[in-house]
Every structure is written in structure tokens, then in C-alpha cells.
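Taking it in order: structure first as C-alpha cells, then the write-up.
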Amino acid sequence: MSIGLVRLREDSDRIRQGAIDKGEDPAIVDQALVLDGRRRQLLGDSDRLKAERNTASKQIGEAIRAGAAPNGPEVAALKQASTDAGAQIEKLDAELAATESALDALLLRIPNPADPDVPVGDESANQVVRTWGDLLPKDETSDGTAWTRRPHWDIAADLKMFDLERGAKITGSGFPVYTGQGSRLQRALIDMMLDIHTAEHGMTEIWPPALVNAASARGTGQIPDKEDLMYVVPRDDLYLVPTAEVPVTNLHRDEIFEADQLPIRYAAYSPCFRREAGAAGKDTRGILRVHQFDKVEMVFFEKPEASAEALEWLTGRAEVILQRLGLAYRVLLMATKDMGFVQAKKYDIEVWAPGVERWLEVSSCSNFRDYQARRMAIRYRPEAGGKPELVHTLNGSGLALARTVAAIMETYQQPDGSLAVPEALQPYMRTDRITA
RNA sequence: GGAGAGGUCGCCUAGUGGCCUAGGGCGCCGCACUGGAAAUGCGGUAUGGGGCAACCCAUCGAGGGUUCAAAUCCCUCCCUCUCCGCCA
């Protein structure tokens with residue numbers, strides 16, 4: 001269940017257009033509508049027969065209590081009626097189950113329609129919403145001496161901040177070992193980010209499990225959509241989390257909030273494990289694409305009318321981190337075909353890395369509206385005693401560490417080979433400079 | 001890992017095959033009483049689905065099974081608690 005059946009019926013035109021905008025087949029919407037009609041037909045027939053059977057069973061009980069022989073003819077007739085109904089119910093329910101599973105399969109293929117203010121198109125339609133900070137050049141002249149900014153892996157080697165070869169030895173490629181000040185930098189960043197998000201942004205800190213069960217992986221859509229993304233522990237039927245979004249959003253699976261409990265806003269650190277299948281050979285140098293990295297993730301549960309504004313605020317809170325670190329970045333509004341299947345609106349934040357001369361994605365902030373919430377049955381009561389409605393969920397990185405570390409190293413490297421520590425990190429690093 | 005006890009409508013709890021369309025208490029929401037309140041009384045108070053509606057169907061940790069009929073009996077699994085063992 002992803003798109004709601006009620007919305008499918010009442011808002012089918014918009015859902016159809018939403019599928020087209022995201023490059024999906026709109027015919028699925030019509031197929032789903034047909035199956036929905038069939039389902040309702042079967043359900044009505046089955047329910048009617050079940051009511052008959054329940055009545056017959058009740059009459060058997062009453063007759064026996066009134067003194068009829070449990071095996072007498074009067075009771076036997078009633079039993080027969082109930083048995084006959086049961087046989088028909090079995091047939092109808094089998095067909096119903098088949099119809100529902102076919103319908104569910106179709107619904108899973110209908111994407112969440114994008115918000116009206118999202119540009120329609122592919123990657124080329126993405127919009128740069130804003131840019132912050134000065135883009136440092138790779139080559140520069142300071143104090144009359146020309147020098148070239150190096151990629152982070154060279155800096156790391158000199159300053160012994162991480163070790164990819166040994167990581168490959170003990171685990172495999174893409175599992176960096178952070179060492180010395182590099183290790184401390186990891187701790188410092190996690191600490192700083194969580195401090196800002198809790199003390200200044202009012203979020204509640206969460207330290208979630210790094211393994212989740214199948215139900216949780218299904219809740220956020222990792223199963224079945226992105227199963228190849230995750231490391232699996234088959235012996236225990238568990239999955240290593242690709243992001244804290246999975247455990248943290250699932251915190252409130254199958255729950256109903258009172259209106260005054262919302263919004264709920266979490267900031268959670270977790271390690272993230274990604275197989276990156278299909279990305280082999282891409283970004284093989286340094287720590288731009290790794291199988292294990294660390295991330296502070298923000299996860300919000302909002303009232304529907306507040307979610308659009310919440311996405312802007314959420315994105316801004318991720319930007320705060322980059323501003324404190326003094327890293328240049330830009331914010332992209334993702335176009336319909338580049339934003340993903342389940343998002344209604346998404347901003348990517350990319351940091352400038354002058355050593356590799358590239359924009360690096362360090363955050364992705366999304367509003368899912370009720371799409372995820374439906375899957376996980378996360379609801380709230382708009383008014384006391386009223387009917388529950390789905391909440392809106394949002395999440396965004398604040399921030400992913402590995403690429404942020406790369407940007408810090410490339411931005412703060414000095415001509416003498418040392419690394420300046422961004423002012424905001426100095427209390428956490430207990431130093432203002434990292435040297436060999 | 002071993003032994004035992006449990007998982008019922010927000011919370012506590014009753015319930016060993018048909019009078020359970022799940023009873024009672026607490027909490028909550030109405031209404032009455034009151035100058036206002038407390039106390040008391042009366043009524044209401046789960047979720048999903050189907051139906052214009054009356055109403056109907058499903059759900060007593062999950063899934064199977066027995067039966068005309070399952071909260072109740074049987075099987076498998078999950079979780080919680082207690083004790084033992086092991087252990088960062």
C-alpha cells in the first residue's frame with residue numbers, strides 16, 4: 001500500500017499526471033482502478049455470506065440452549081447452511097486475496113506525485129535555488145607563492161587521517177579506517193551536529209539500532225524497492241541500516257498521535273551501510289563513495305498543513321551545519337524525474353570540494369507527505385475523539401560525514417600542508433590545526 | 001542457550017468452545033446536579049474495510065489448524081517478565 005485507495009479513486013487525474021511527470025507508466029493507475037472495483041465487489045459478496053454464516057452459527061447455539069439435540073435434524077439443517085456458506089466464502093476469499101495482491105503490486109508502482117512547485121523534467125531541469133560561500137579555486141597564489149589544492153586522499157595520507165588500504169585489508173574496499181586526528185574529526189563532527197540540532201534547533205536526539213528487521217525495512221520502502229542497496233544478515237533476517245531514516249521513522253510505525261504531540265522532530269546519528277551495487281568503478285579514490293559512513297539524520301513527523309514549510313526549515317537546518325563549518329554549498333531543487341519515486345519534493349545540498357573541483361552531495365532533504373506514513377500506518381487525531389489521519393513525514397541529512405570530511409580537508413588545507421580546523425569544530429577538536 | 005510465567009478495547013483487569021455483538025475498574029469526552037467545583041448519576045469512548053444509510057465484515061501478540069461456531073482447544077513463530085548459564 002502506497003497510494004491510498006480513496007485518493008486513487010477521487011484524485012486519479014492528478015495521480016496519473018504525477019506518474020507521467022516522474023516518467024512512470026500512467027496506465028497502471030487505470031489498471032488499479034479496475035482491480036479496486038473488482039475488490040469491492042468481491043468484498044461485498046464475501047461479507048454478506050459471512051454475515052449469513054455468523055447468523056446460522058448463532059442460531060445453532062440458541063437452538064441447543066433451548067433444548068434441541070446437538071445432533072438432531074433441526075441443528076443439522078443449520079449446520080449445513082453454515083457449511084455451504086463457508087464453501088462459497090472460501091472461493092470468494094481466495095479470489096479476493098489474489099485481486100488484492102495484484103492491486104497492491106500495482107499500487108507499489110504508482111509514484112508519489114510531486115508537489116506543484118517542483119520543476120517537471122529530468123536532471124537538466126533541476127534548479128539551483130541558492131548558493132552560499134566562496135568557491136575556492138584549485139590553484140591559488142597566496143603571499144606571492146602559487147600552490148595547488150590537493151584532493152583529500154593526498155592530504156589524508158600526509159596527515160594520517162584515514163587509511164583505505166588497511167580498511168580494504170580488514171574488511172574490503174570502501175571501508176575506511178579513520179586514524180588519529182581523522183578519527184577525532186569524526187567524533188567532533190557527530191558531536192557538533194547533534195549539539196546544534198538539539199540545543200539550537202530543538203530536536204530530540206536518537207541513537208538507533210544499526211540493524212533492523214524486515215518489517216522496518218519494508219516500512220521505509222527499502223524492501224522491495226532498494227533491496228540491493230542493503231547488507232543483509234540472513235541468519236537472523238536482519239538488515240544493516242543504509243541510513244538512520246529507517247530505524248527512526250519506524251519508531252512510530254502503527255502509532256496514532258494526538259494533535260498536540262506534533263510536530264515530532266528527531267536528530268539521529270547512525271553508521272550507514274550501503275552496498276553501492278551498480279556503482280563499481282565510480283568514485284573509487286578517497287572517501288566520496290564508501291560502503292560504510294557516518295551520518296546525522298533529521299526525521300520529522302508533521303501535520304499535513306505544516307509539512308511544506310517544515311521542508312524549508314529542515315533544509316535550512318542542514319545548511320546551518322555547512323555555514324558553521326564555513327563550507328561553500330549550493331541547494332538544488334530536484335526535478336520530477338530526478339527526485340525519486342516516493343518523494344513529493346526534494347532538495348539536495350552539495351558542498352564545494354576545491355581539491356577534486358566537484359560538488360559533493362552531502363544532504364538530501366525530502367517531504368514524503370503521507371506516502372511513507374501510509375505504508376507504516378503513522379497517524380494522528382486532528383481533533384480529540386476524531387478520526388485518525390495520516391501524518392506527513394520528512395527527512396534530511398544533517399549531514400553525511402564522509403563527503404563533509406573530504407570538503408573540510410580540501411577547503412581548509414594550507415600551503416604548508418597542514419589543515420586548519422574550522423572555528424566551530426575547535427572546541428570539539430581541542431586544537432586549531434592538524435599537522436603531520 | 002536452559003527452565004518457568006505471561007501477551008485481551010489508552011492503562012489495569014475478567015474471561016477454559018455458543019448468554020463474548022469481549023464484562024468491570026481507571027482515565028478521557030459529553031450531559032445532569034452545583035454559585036463554581038469536588039463527589040455522585042446517566043451516556044459515550046479501538047482500528048481498518050465495505051455501504052448513501054440503517055448496518056455489515058475483519059481484528060483479543062503473528063500465522064496456520066480443529067469445529068456449524070475459537071479470546072478460549074492444537075501447532076509454529078515473535079515479544080515481555082522471573083530464575084539459571086554465558087558475556088562487552
Side-chain angles (χ1 to χ4, degrees), chain A residues 1-10 32-104 107 207 209-219 223 233-239 247 250-262 264 271 370 373-391:
Chain A
M1 212 182 306
S2 295
I3 283 288
L5 285 174
V6 173
R7 182 160 174 220
L8 180 73
R9 286 172 212 143
E10 292 173 356
L33 282 167
V34 170
L35 282 180
D36 174 48
R38 180 74 187 134
R39 170 181 167 273
R40 279 190 286 171
Q41 172 75 45
L42 289 165
L43 198 58
D45 293 349
S46 172
D47 279 359
R48 225 166 292 123
L49 284 164
K50 281 174 184 165
E52 281 175 28
R53 182 175 63 178
N54 289 345
T55 305
S57 284
K58 221 164 287 174
Q59 285 169 345
I60 293 170
E62 280 163 13
I64 293 172
R65 241 174 294 124
N71 294 313
E74 187 189 343
V75 169
L78 285 167
K79 280 188 187 179
Q80 192 57 49
S82 178
T83 306
D84 291 347
Q88 286 190 65
I89 289 167
E90 205 168 324
K91 256 189 250 168
L92 284 172
D93 280 357
E95 195 181 341
L96 182 62
T99 304
E100 284 187 333
S101 73
L103 179 57
D104 286 346
L107 291 178
W207 197 284
L211 288 152
V212 294
N213 57 31
S216 296
R218 207 172 295 118
I223 307 177
V233 185
R235 184 169 177 168
D236 298 292
D237 199 18
L238 295 173
Y239 301 79
N250 274 283
L251 273 178
H252 298 299
R253 175 152 46 91
D254 296 317
E255 292 186 15
I256 301 174
F257 299 113
E258 295 303 325
D260 60 10
Q261 291 177 272
L262 297 176
I264 293 172
D370 63 8
R374 178 172 300 104
R375 209 158 174 160
M376 280 185 271
I378 306 175
R379 292 156 293 173
Y380 81 110
R381 239 179 269 284
E383 44 198 292
K387 279 197 77 162
E389 284 179 24
L390 294 165
V391 303

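Convention: sequence-line order gives letters A, B, ...; per-chain numbering from 1.
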Partner of B:A22 under the Watson-Crick or G-U wobble criteria, both distances under 3.5 Å, comes out as none
Within a radius of less than 6.0 Å around CD of A:Glu90, do more than 12 heavy atoms belonging to other residues, nucleotides or ligands occur? no
Starting at CZ of A:Arg38 and ending at C1' of B:G50, how long is that distance when rounded to a whole Å? 15 Å
P atom, B:G44 versus B:G25: distance in rounded Å? 13 Å
For A:Arg381 and A:Ile256, indicate whether the former's side chain and the latter's backbone hold a donor-acceptor pair under 3.5 Å. no
Salt-bridge criterion met for A:Lys50 and A:Asp93 (N-O under 4.0 Å): yes
Given A:Gln261 and A:His252, is the side chain to side chain contact (heavy atoms under 4.5 Å, CB included) satisfied, shown in steps? CA-CA 12 Å; A:Gln261 291 177 272; A:His252 298 299; over 6 Å; no
For B:G43, give the paired nucleotide (Watson-Crick: N1-N3 plus N6-O4 or O6-N4; G-U: N1-O2 and O6-N3; both under 3.5 Å), or none. B:C29
What does the B/S/- profile of nucleotides 53-72 of chain B look like, 5' to 3', with a 4.0 Å heavy-atom cutoff to protein? ---SSS---------BS---
Output the rounded distance in Å from CG (A:Leu43) to C1' (B:G48). 11 Å
Need one value for A:Arg9: base, sugar-phosphate or nothing, where a base atom within 4.0 Å counts as base even if backbone is also close, heavy atoms only. sugar-phosphate
Rounded to whole Å, CZ of A:Arg39 lies from C1' of B:G48 at a distance of 10 Å
Taking a pair to mean Watson-Crick or G-U wobble geometry with both distances below 3.5 Å, B:A37 pairs with none
Rounded to whole Å, please give me the gap between CG in A:Asp260 and P in B:C28. 15 Å
Under 3.5 Å, which N/O atoms of the protein pair with N/O atoms of nucleotides 44-47 of chain B?
{"unit_1": "B:U47", "atom_1": "OP1", "unit_2": "A:Arg381", "atom_2": "NH1", "d": "2.6"}
{"unit_1": "B:U47", "atom_1": "O3'", "unit_2": "A:Arg379", "atom_2": "NH1", "d": "2.8"}

Between A:Thr83 (side chain) and A:Lys79 (backbone), is there a donor-acceptor pair under 3.5 Å? yes
Side chains of A:Leu251 and A:Ile264, heavy atoms from C-beta outward: is any pair under 4.5 Å? no
Partner lookup for B:A62, please. Criteria are Watson-Crick or G-U wobble with both distances under 3.5 angstrom; report none if nothing qualifies. B:U76
Rounded to whole angstroms, how far apart are CZ on A:Arg375 and C1' on B:G48? 19 Å
Nearest whole Å is fine: how far is B:G51 P from A:Asp45 CG? 12 Å
Closest non-hydrogen atoms of A:Gly219 and A:Asn250, given as atom of the first, atom of the second and distance, are CA-OD1, 4.2 Å
What is the separation between atom OH on A:Tyr380 and atom P on B:G10, rounded to the nearest whole Å? 21 Å
Using purine N1 to pyrimidine N3 plus N6-O4 or O6-N4 for Watson-Crick, or N1-O2 and O6-N3 for G-U wobble, each under 3.5 Å, what pairs with B:G4? B:C81
Pairing nucleotide - B:A53, Watson-Crick or G-U, each distance under 3.5 Å: none
Take atom CG of A:Asp254 and atom C1' of B:C9, then tell me their distance rounded to the nearest Å. 16 Å
